[in-house]
Amino acid sequence: MRAFTGISELLTMAGQEASPEERLGLVRDAAVVVEHGRVRWSGARAACPLPLGEIETIDLGQRVVLPGLVDCHTHLVFAGDRAADFEARCRGESYQAIAQRGGGIATTVASTRQASREALTALARPRLVALLGAGVTTVEIKSGYGLSLESELAQLEVAATLAREGPQAIVPTLLLHIVPPEYRERRDDWVRLVVERLIPEVAARKLASAVDVYCDVGAFSADESARILAAGRAHGLALKAHVEQLSATGFAVRAAELGARSLEHLEHADAAAVAAMARAGTVAVLLPTASLFLGDARRPPVAALREAGVAMAVATDLNPGSSPTFDPWLAATLACTWYGLTPAEALLGMTAVAARALDLGDGRGTLAPGAPADLAVARVPTWQALLYGLGHRPIAETWIAGLRVAA
Ligand code: NIG
Ligand code: FE
């Protein structure tokens, strides 16, 4: 057993009250007691029922402490870069136009297919290290740059290798991103392959816990997306979708009705989408660095989502095309200044709500008793200062299962 003290402000993210500010569970002059890698007790130091004087104590030096962040939407395993796409976009070509002439996601698919598993693993490691330094202790990783049976499985196997290596917890998701170029004239064959072979194999080998589909112009149609999610559901996978990102497809309603755990992006989501998500208990995953990097002025309907009681998570969308960033704090700050979340909502969105978007029922994203002892230790004077910066680095130390993994 060991105890952490010197915590000027603790955010447990486990407050039971109604408002986001109360749900932060703010405690001043706090202590966290850890046993076997999990939180045994957290709260005000003076109220600790355990004999703090007799336990090994780590004084964090008057810092703000919150649960390790959960980045619930990344495309972290890929090869190559998209600097040429970026340059073309800055000259005025749109993301969709670049995709139509064979650039965009297809560029990353070409380089990812050529890379060995070892090369993909080696490329992914420093990305995880960068997230770790920012306090991210749980990372969702989507496939989607393989686009063949073999190559999608390889991407998920790389995620499994990264999970074994640690220290972060990895949550793999099978993403059906676009129709592979070689199937352009026979899309249905690709969807059939996905439904009849890829999804069953991924589920049987437990290579992913969820299936995600990108429904948009230039990606999958609403009908194709529905077939893919239905197959995922039939094989026991949780459902997610990239929806209403660059155009309004209306698929968010169908995805929610199919039981989607989370729907992501949502810049074009309408009232019907919000209502369907509220009915289904679907989490909205907001990705402001992606819309900002694409220069897209549209914003998701945050006020309506809040009003309807839809939980909102915030993630980096780390990927080489629309969001080449390793900075969850930038994403959270933009979620406030650009999308209209409060800092309390954004902080919950990167912790407890993000864990919900991933169906993690082990207390992750909180510091309640029983949760993994994953801590992000911040060098800021108050919790409000966590998001008060653009590209600042608030995290001084990251701890996983009670051990320091980055400083
Ligand atoms: O989340 N919209 C689709 N997928 C990614 C972009 C991936 C890419 O451009 O490589 C996204 O923004
Ligand atoms: Fe994405």
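Indexing begins at 1, ligand by ligand and atom by atom, following the structure's order.
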Within-4.5 Å side-chain heavy-atom neighbours: Tyr95 and Arg89: yes
I want to know if ligand 1 touches Thr108 in the polar sense, i.e. an N/O pair below 3.5 angstrom. no
The atoms of ligand 1 lying under 4.0 Å from a heavy atom of Asp317, numbered in the order shown, are 1 (O), 11 (C), 12 (O)
Fit a plane to each ring of His242 and His265, take the angle between them on a 0 to 90° scale, and name the class: parallel (under 30°), tilted (30 to 60°) or perpendicular (over 60°). tilted
May I ask you to identify the nearest protein heavy atom to atom 9 (O) of ligand 1, giving residue, atom name and distance to one decimal place in Å? Tyr95 OH, 2.5 Å
Short N-O contact, Asp188 and Arg227, less than 4.0 angstrom: yes
If the cut-off is 4.0 Å to any non-hydrogen atom of His73, which atoms of ligand 1 fall inside it? 1 (O)
Considering only the protein, which heavy-atom contact is closest to atom 12 (O) of ligand 1, and what is its distance? Ser322 OG, 2.5 Å
Whether His177 and Tyr145 hold their rings parallel, tilted or perpendicular, with breakpoints at 30° and 60°: tilted
Option nearest atom 2 (N) of ligand 1 (shortest heavy-atom distance, choices His242, Glu264, His177, Gln245): Gln245
Student check: side-chain heavy atoms of Tyr214 and Leu246 closer than 4.5 Å: yes
Is the cationic atom of Arg187 (NZ for Lys, CZ for Arg) positioned less than 6.0 Å from the six-membered ring centroid of Tyr183 and within 45 degrees of its normal? no
From CA spacing to verdict: side chain to side chain donor-acceptor pair (under 3.5 Å), Lys142, Thr173: CA-CA 5 Å; Lys142 299 177 193 295; Thr173 296; 4.9 Å; no
Smallest heavy-atom separation, Val179 atom then Trp190 atom, equals CA-CD1, 4.0 Å
For Ser262 and Glu264, what are the C-alpha separation, side-chain angles and deciding distance, and is it a side chain to side chain donor-acceptor pair (under 3.5 Å)? CA-CA 6 Å; Ser262 62; Glu264 334 226 332; 2.4 Å; yes
Using a 4.5 Å cut-off on heavy atoms from C-beta on, say whether the side chain of Leu162 contacts that of Val77. yes
Strictly under 2.8 Å, how many protein N, O or S atoms lie near the Fe ion (ligand 2)? Waters don't count. 4
Atom 7 (C) of ligand 1: closest protein heavy atom, distance to 0.1 Å, is Tyr145 OH, 3.3 Å
For Ile105, atoms of ligand 1 separated by under 4.0 Å from a heavy atom: 8 (C), 9 (O), 10 (O)
